[in-house]
Novice: 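For reference, the structure I am asking about is given below.
Order of appearance sets the numbers: ligands from 1, and atoms from 1 within every ligand.
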Amino acid sequence: MSKQTDDFFKNVISHAKEYGFVFPSSEIYDGLSAVYDYGQLGSELKNNLKTYWWKAMVQLHENIVGIDAAIFMHPTTWKASGHVDGFNDPMIDNKDSKKRYRADQLIEDKIARYEADGKVEEAQQLQADLDAALNADDLSKLKALIEAHDIVCPISGTKNWTDVRQFNLMFSTQMGASAEDAETVYLRPETAQGIFVNFLNVQKSGRMKVPFGIAQIGKAFRNEVIARQFIMRMREFEQMELQFFVRPGTELDWYNQWKETRLKWHLAVGGDPAKYRFHDHVKLAHYANAAVDIEYDFPFGFKEVEGIHSRTDFDLSQHQKYSGKKIQYFDPEINQNYVPYVIETSIGLDRLFLTVLCNSFEEQDLSTADKQDSRSVLRFHPTLAPVKAAILPLTKKDGLPDKAREILNRLKIDHNVQYDEKDSIGKRYRRQDAIGTPFCITVDYQSLEDDTVTLRHRDSMEQERVAAADLEKIVADLVGWKNLLGGL
Ligand code: ATP
């Protein structure tokens, strides 16, 4: 990360804390590593992002329905899905610093250093060796690479390493009243399995016809070996997933359609298109026949925000095998029974939140020849903004607060709006800019005479005079969902 992007990222994180978007979890006890709480504005923004996804996926598609499955699932689910045996990261500990690392990431950091030093051949060779070791699940080879390339612990500076071990990322706990009959259950590491195990329930109760989709938003938990970069890699996070069930043989067409649909959805939020790209997976998971990530150019580089996977019939077939229940669909058009194929779109809500913060945050220099001035602004899409409008009486007296509150009471039924009468109007505008409020409504002395108010626009800072009686319609038009969903 260059100094400039590093500073930008630090500013985003401190701004998010200062204005009530994201706090470290249980901060009074010094926080819990890689766990975060969303504050009063963060939870509003997060809810709006969820609504955007839900409306775009469920409400706009006749053949997609949404569910809300439990976080705990029967433990056999995770045997069938492959997570008990295969959801591992290779980890290594440094005996001096007692710090734990992902072995593959230590090696990747070394590759990046070779590249930065212009040692192209060394970088390419190490990358090839790393890929070979990972493909072969060869843990001793990973350790040998760490030793051969003199990789030291960033904390202790020593090469005093333990062996590389596999580390399962699932959190487990005990369910049951007494120790004897307690059963080990897992906190789900992905929401997808809650959809697969409900395939028949939803298909039958909803009379769904292939192709159709089941969508879900919910928490997922992974005991990440190392967690870093703020809400990028968390131990408790939220996913928004769609499993779209199709006739075998048609899956790659659907896969390509969903790629385009999802990229368009990201771009509609208003970010710079150059900051998004597809990244095709070269090495596919054993169950996938195509996979791509949508990556966003974070201050620390392009990283995955959403994965789109053509998962074949792997998941449903596995559940069929482990449960002993027939999980099939009778397709009346071709008069055949089959296990549907699946296209998955899986986006991390917290990573999406971070893209929106990074896209929106700006420190603007507003200085003129005779006055220094600046503002911090979050240029959220108005439909997603946590607070849609602030209602501000110019002064605290002469009936202006009463008039402002009357407007507030009308608008608050449909929108999250704020009332603020403290400090100068200029300061109040800056406060609203800093939390991304797209519109400020100011009640002044003229308002008492002709029932008009000023409407100030966050991005242009322009003001216009509008009739107070029209405000419900004006605000509804400016922040309505059609502004986001209409173009999809
Ligand atoms: P990564 O390679 O970054 O670990 P992944 O490939 O394991 O991610 P998936 O299993 O495909 O991720 O999960 C789908 C989405 O869930 C990801 O695109 C990401 O947005 C989100 N996600 C996964 N792990 C985390 C995490 N630890 N914290 C926050 N979001 C996550």
Novice: Which ligand 1 atoms are under 4.0 Å away from a heavy-atom of R233?
Specialist: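 Here the atoms of ligand 1 in question are 1 (P), 3 (O), 4 (O), 26 (C), 27 (N), 28 (N).
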Novice: Cation-pi between K110 and Y114: NZ/CZ under 6.0 Å from ring centre and within 45° of the ring axis?
Specialist: yes
Novice: For E190, is the nearest heavy atom under 4.0 Å from an atom of ligand 1?
Specialist: no
Novice: Around atom 8 (O) of ligand 1, find the nearest protein heavy atom and jot down its residue, atom name and distance.
Specialist: E304 OE1, 3.7 Å
Novice: Would you compute the distance between atom CD of Q166 and atom CG of D85 and round it to the nearest 0.5 angstrom?
Specialist: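 That separation rounds to 11.5 Å.
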Novice: Closest non-hydrogen protein atom to atom 14 (C) of ligand 1, residue and atom name please, with distance?
Specialist: S346 OG, 3.0 Å
Novice: Report yes or no: does K303 have a heavy atom closer than 4.0 Å to ligand 1?
Specialist: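 Per 4.0 Å heavy-atom rule, K303 does not contact ligand 1.
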Novice: With a 4.0 Å cut-off, would you call K219 and E236 a salt bridge?
Specialist: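 Salt bridge flag = yes for E236 with K219.
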Novice: Who's the nearest protein heavy-atom neighbour of atom 28 (N) of ligand 1, and how far?
Specialist: M234 N, 2.9 Å
Novice: In terms of the angle between their ring planes, are F230 and F9 parallel, tilted or perpendicular, with boundaries placed at 30° and 60°?
Specialist: perpendicular
Novice: Run down the list E295, R222, H281 and name the one with the heavy atom closest to atom 7 (O) of ligand 1.
Specialist: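 Residue with the shortest heavy-atom distance to the ligand atom: R222.
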Novice: Can you tell me how the ring of F212 sits relative to the ring of F245, calling it parallel under 30°, perpendicular over 60° and tilted otherwise?
Specialist: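 F212 vs F245 ring planes: tilted.
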Novice: Tell me the protein heavy atom at minimum distance from atom 16 (O) of ligand 1, and give that distance in Å.
Specialist: Q239 NE2, 3.3 Å
Novice: How close does the nearest protein non-hydrogen atom get to atom 29 (C) of ligand 1, and which residue and atom is it?
Specialist: M232 O, 3.3 Å
Novice: So, does V305 sit close enough to ligand 1 that a heavy atom of it is under 4.0 Å from the ligand?
Specialist: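 V305 counts as a contact of ligand 1 under the 4.0 Å cut-off.
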Novice: Please work out which of F353, F237, F87 has its closest non-hydrogen atom nearest to atom 25 (C) of ligand 1.
Specialist: F237
Novice: Against heavy atoms of E224, which atoms of ligand 1 measure under 4.0 Å?
Specialist: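 So the answer, numbered in order with elements, is 24 (N), 26 (C), 27 (N).
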Novice: Do D93 and R100 sit within salt-bridge range, that is, some charged N less than 4.0 Å from a carboxylate O?
Specialist: yes
